[in-house]
There are 2 protein chains.
Amino acid sequence: MKKISRFSHFGELGDKDYFRIALSVDCVIFGFEDNELKVLVIKCNLNEYKGKWSLLGDLVKPDEDIETASYRILKERTGLNDVYLEQVRTFGKPGRHPAGRVITVAYFSLVNIKNHKLKLSDNELHWHPVNDIQEMAFDHREILQCCLDQLREKIEDYPLVFNLLPGKFSLRELQCLYEAILNTKLDRRNFRKKFFMMDWLIDLDELEVDVPHRPGKLYKFNQEKFGKAVSGMDRNKRTNSVHR
Amino acid sequence: MKKISRFSHFGELGDKDYFRIALSVDCVIFGFEDNELKVLVIKCNLNEYKGKWSLLGDLVKPDEDIETASYRILKERTGLNDVYLEQVRTFGKPGRHPAGRVITVAYFSLVNIKNHKLKLSDNELHWHPVNDIQEMAFDHREILQCCLDQLREKIEDYPLVFNLLPGKFSLRELQCLYEAILNTKLDRRNFRKKFFMMDWLIDLDELEVDVPHRPGKLYKFNQEKFGKAVSGMDRNKRTNSVHR
DNA sequence: CCAAAAGTGTTTTCGTTACACCCATGC
DNA sequence: GCATGGGTGTAACGAAAACACTTTTGG
């Protein structure tokens, strides 16, 4: 007869029938380069999905916190420590991984591509334009779409995009970034007006250099106005948003 | 030497070191009764949390989809089939369950309390007022709060609350429900105006009965305007919301 | 002087808020 | 007739959208 589980308040199987699941984290790491939103992907080396792009993920260690695992993966892959990271959703269809029952928790992350050196020649790690990615390994295409949707919603209300930009940037760069993420055109005057009203920016009194036209002013993100690490969980939501 | 895992693209442990996690679903089942928002809880029978309230949860079966599991739990506990259910977040701190590493996916659900008969005397299943619940077993207090926050955000934009009401209801009942969830007072005239503008309601040309005052008109939810099952995933978001 | 992008205000529209009086019913 | 909640409209405000011309720089 089956051993009665400590989970008898749950169900009727023995413990060993249940403790057979693996947990992974998959990170959708967004970056911004050449006026395009990009995502960090790697060629999959599993036979079933040979040659397809996959997200950066890893199994969570038996005693590791999920969030700790996601920071670890990010650190291992990008070398970056202090990045924006946020849990999005958990995916766990029974057939989603060929090696067995693997549940994955999806996180999205925003990094400044220029701030770190990937060993891009190795292991086919690669920044891929988000708008131009079709098939992926496992259910990673669905995970990417889900994270992209979440990103689009949150940048309307929270100052997340600064994680994708260098410390100094022009308003044009900022607007191009919003346009790239939202995949739309924005009105320049309204965009500028709104950002100044929101008080997210600090004027550095510096100008762009080496641009083949009139140089724009440079700004930095108004950190002090928000917590140290700007997280989507901070309740600094504004009533107005960055819509057209 | 350690067997090399099929997850060699992940890490370096053998498979058996990883496939030792259990997965559960916890449902935060909200209801509305006596002008209060309530949550369905049960007395915990684990020694560690003896007597504390806990959410309704169960382990996900080895080959069961997570979402399927959450519907199963809901069906088992409330007898209801066609309910609103939405994944919120996954909780997995290593020490959160005394029986081992148990990851839990939290769902919130909205049901009409009157539509089903709980065996309330059994197993201490109980509708508890949300505003009046303190300690809970495991990390369930945190899970409840997280789901409540999500509920509050979504009812501003999506027609979810109708899942908590009977088929016919008055505008007063609807407003009381919003006030209970948001824990605030709303202006009656503005509330009515907004709902009519949003076109979420159909006037049934019937009146309340047995009220000790002038009876109000009865309405039903405008189903046709939305998909069959109204889900928060439906992109029927309106630009205006139900704020004050 | 030409190309390219920076910088700048005003008007209109629309949604949000605040607010007070009469009406219908049960008791 | 009194208590309770139902039903109704307007004015002021603020956010969002639409929209065009002049300026500065590099080449």
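Sequence lines set the chain letters: A, B, ... in the order given, protein chains first and strands last, and positions in each chain run from 1.
Judged by distance alone, with hydrogens and angles left aside, B:Lys194 brings no side-chain donor or acceptor close enough to the base of C:dT17 to form a pair under 3.5 Å. Evaluation of atom-type donor-acceptor distances gives a pair under 3.5 Å for the side chain of A:Arg189 against the base of D:dA20. Below the 3.5 angstrom threshold, one finds a donor paired with an acceptor across the side chain of A:Arg188 and the base of C:dG7.
The aromatic ring centroids of B:Tyr158 and B:Tyr84 lie 6.0 Å or more from each other. Less than 6.0 angstrom separates the ring centroid of A:Phe195 from the ring centroid of A:Tyr178. Taking the six-membered ring wherever Trp is involved, the centroid distance between the rings of A:Tyr219 and A:Phe196 falls below 6.0 Å.
C:dC19 atom P lies 9 Å from atom CG of B:Asp187, rounded to whole Å. Atom CG of A:Leu186 and atom P of D:dC19 are 15 Å apart (whole Å). Look at CZ on A:Phe169: it is 14 Å from P on C:dA6, rounded to the nearest Å. Across the protein-nucleic acid pair, B:Leu218 atom CG and D:dG6 atom C1' stand 12 Å apart, rounded to whole Å. The distance between atom CG of A:Asn190 and atom P of D:dA20, rounded to the nearest whole Å, is 13 Å. Atom-to-atom, CD of A:Glu208 to P of D:dG26 comes out at 12 Å; the value is rounded to the nearest Å. Atom pair B:Phe195:CZ and D:dG7:P shows a separation of 15 Å (rounding to whole Å applied). Nucleotide D:dT4 holds its C1' atom 6 Å from the NE2 atom of B:His213, rounded to whole Å.
Checking side-chain atoms of B:Asp139 against main-chain N and O of B:Arg96 turns up no donor-acceptor pair under 3.5 Å.
Regarding contacts with the backbone of D:dG7, a side-chain N or O of B:Arg192 is found under 4.0 angstrom from either OP1 or OP2. Not one side-chain nitrogen or oxygen of B:Arg214 sits closer than 4.0 Å to the OP1 or OP2 atom of C:dG26. Look at A:Arg172 and you'll find a side-chain N or O under 4.0 angstrom from OP1 or OP2 of C:dA6.
With A:Lys168 as the fixed residue, the salt bridge (Lys or Arg N to Asp or Glu O under 4.0 Å) test singles out one of A:Glu206, A:Glu173, A:Glu208: A:Glu206.
As judged by a 4.0 angstrom heavy-atom cut-off over every strand, B:Lys193 is placed among the base-contacting residues.
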